Amino acid sequence: MKKVAILGAGMVGQTLAGGFSKHGYEVVIGTHDVSKHEGDPSLSHIPVLPYADAAKEGELIVFAVKGSAAEDVAKEIAESLKGKTVIDTTNPIADAAPEGGVLNFFTSLHDSLMERLQKIVPEARFVKAWNSVGASTMVNPDFGGVRPSMFICGNDEVARKEVATLLDQFGWDTEDMGGAVAARAIEPLCILWCIPGIAKNDWGKRAFKLLR
Ligand SMILES: NC(=O)c1ccc[n+]([C@@H]2O[C@H](COP(=O)([O-])OP(=O)(O)OC[C@H]3O[C@@H](n4cnc5c(N)ncnc54)[C@H](OP(=O)(O)O)[C@@H]3O)[C@@H](O)[C@H]2O)c1
């Protein structure tokens, strides 16, 4: 089993760190301010390191940093991402306030954050996943026996298959949308998912399911 480095110690980083640990993986967390997380009980069993050190240790990387910081973090640790599968959970959420419950992105429909990250580190094998659900439902969610769909994409087919296997372990059916350009469609699913939360403070359990 690969050693997993989760970059980002927010809700997503902590949830996925718990999930990977539960499934028997060795996990480290990376953050830009280690001191902020000292004594955090939810991270007591997981080493918290600076981004660069965590990325060096990880054989599989999970990118879970704030969207607006993602490009800078990718530049900072580019060398350690080369040749590795990088699961990208980030969303390009802009600082501007949502309008009628609808988040603003700093990307357009002709662009996506993951494509930008892929351009920064062409040798990394980015796969978009876990960006279109709330953190609380990322690990083996219970939808009364129905497995929800996770839309993924990325330029490397082997990396996409690796992530699909992981998602299966975490209770998700994978919908593989092909190359990184599909992130232009997958990232905005976050906007849709968040509308009931922002508009009606309903952050309850929900996920997308593709029916055929
Ligand atoms: N929350 C969700 O339910 C959810 C669901 C799906 C996808 N996402 C996406 O997943 C990513 C992580 O979300 P999140 O809710 O866990 O937390 P977040 O608040 O969006 O990001 C948390 C992480 O980003 C780091 N960070 C913040 N500003 C930074 C900067 N200027 N430079 C470097 N690092 C910085 C924080 O570092 P420190 O800990 O050191 O402060 C923290 O580790 C986001 O892109 C989000 O859009 C979130």
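Just so it is clear, the values below take in all heavy atoms, side chains as well, and ignore hydrogens, waters and symmetry mates. We count ligands from 1, going down the list as the structure has it; atoms in each ligand are counted the same way. Nothing here was measured: the structure is a model prediction, and the numbers come from that model.
A side-chain hydrogen bond (donor to acceptor under 3.5 Å, both in side chains) check over residues 48-69, counting only residues at least two apart or in different chains, returns the pairs K3-E57.
In this model, no donor atom of one side chain and acceptor atom of the other lie less than 3.5 Å apart for R184 and S112.
F105 and A94 get closest at one heavy-atom pair: C-CB, 3.8 Å.
Partners of D173 according to the side-chain hydrogen bond (donor to acceptor under 3.5 Å, both in side chains) rule, which considers only residues two or more places apart in sequence or in another chain, are R147, K209. When the ring pair (Phe, Tyr, Trp, His ring centres under 6.0 Å) test is applied to F170, the partners found at least two apart in sequence or on another chain are F20, H23, W130.
A salt bridge does not link E71 with K75: every distance from a Lys NZ or Arg NE/NH1/NH2 to an Asp or Glu carboxylate oxygen is 4.0 Å or more.
Residues with a heavy atom under 4.0 Å from ligand 1: G8, A9, G10, M11, V12, T31, H32, D33, K36, H37, Y51, A64, V65, K66, G67, A69, V73, T89, T90, N91, I93, W130, N131, V133, G134, A135, M138.
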